[in-house]
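Notes for the one structure printed next.
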Amino acid sequence: MTQAPQKFDLLLKGGTLLDPGQGIHLLRDVAFSGGRVAEVAEHIAGDLALDVLDAKGKLVTPGLIDVHGHYYHGNGALSVDARRSALPAGVTTVVDAGSAGWANYGALRDYVAPASGLRMLAFLHIGAIGLVTSQVLKGELHDTRVIDVDRTAQHVLDNPGFAVGVKVRMFINSIAYWDAQQVLRQARAAADQSKTRLMVHVSNPPIPLPEILDVMGSGDVVTHVYNGNQEHILDAQGKVRPEVRAAMDRGVVMDVAHAGIHCDIGIVREALAQGFPPTTISTDIHHGPAERVLYQLNDLIGKFVALGLSLDDAVAATTASPAQILGLADEIGSLRVGMAGDAAVFDRDEGDHTWQDAAGNMVKGSLKLHTFATVRDGAVLWRRPE
Ligand SMILES: [Zn+2]
């Protein structure tokens, strides 16, 4: 007797699919073939697939998307190895946030990204060699000769599908305050010339936050939105500042970029209570000092649920929302049939969990997601060791 040929390469069977991009939070089987999502249904027979992963009792989501991390492994001491950090967190798409500029992104695109096995995109820093100068000079834009608007824009334009925008840090140590307005305008110009978007670090800026927000429009990204440093998003009475709310209303993306030092638990609580949720949750993962508490993206879902976001909203902020702001909503961030076969499978650890921030604030939560498997291009790329 001959067996029917298997029509699927991989089947995630028996799990609860949480896919905010298509409004699903239900028991669903998900099958992949040819690297894409082939079928999503209540029951898909196991013998139709070459490989079946038992997801009973587990949570299945689209592969997570980290829109702000430092993934240029080997380029200075800052960046992490995505394969060791993002992949075991259920992340399948990472965006390097300006570790490199126009003069040194080539090896990120040609060697680091392919070696990672993940989908890797990048914001190019407005400084020619990105954050390398920051590590040796304690600030990357003190000498503004490293800025070339035309070349930055051209390299972004020349790399569709890899370069997604321009990054600048409005950070008191990275730039002289008397140059800050000029540099911000140059970064704005490069983003406009490249027809992409601008990502601006707003933690501890050398100029007032409203002046920064003034140059930002729909689709641009405020990163480190909940930092607790000077010039944060709340006014003296603890209310979300009107300029910040106006920016959100006109479509400026509000991105977490946690980093350990850029996300204050008190600010998040106030912001959520006042109806100011994050558009995207990201890690800003990097090699920091030993005392810095950094969280991976699956842990940030748990932390934001502890802070009051629903699980559906936290997963949306790490899947459908980042896909949409990157212009990739037809490809990633959801498990609709035909989309990229990128998924994550988690165990729900429902117990007592404590999350902290750099200021020493704590928040207790009852959910932690432990990655069980990460699926990329329709195949299991990482699985938790037994
Ligand atoms: Zn960063």
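We count ligands from 1, going down the list as the structure has it; atoms in each ligand are counted the same way. Both backbone and side-chain heavy atoms feed into the values below; hydrogens, waters and symmetry mates do not.
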List, one per line, each side-chain donor-acceptor pair under 3.5 Å for residues 80-91, sequence neighbours excluded.
unit_1: D81; atom_1: OD1; unit_2: R83; atom_2: N; d: 3.1
unit_1: R83; atom_1: NH1; unit_2: S116; atom_2: O; d: 3.2

With sequence neighbours left out, what residues match R151 under salt bridge (Lys or Arg N to Asp or Glu O under 4.0 Å)? D148
Applying the side chain to side chain contact (heavy atoms under 4.5 Å, CB included) test to M170, which of I207, V202, N204 qualifies? I207
Could I get the full list of side chain to side chain donor-acceptor pair (under 3.5 Å) partners for Q230, not counting sequence neighbours? none
Around the Zn ion (ligand 1), list the protein N/O/S atoms within a radius below 2.8 Å, excluding water molecules. H68 NE2, H70 NE2, D284 OD1
Using a distance-only test with no angle check, is there a side-chain donor-acceptor pair under 3.5 angstrom linking H73 and S79? no
Will you find, in the side chains of T144 and D179, an N or O donor that is under 3.5 Å from an N or O acceptor? no
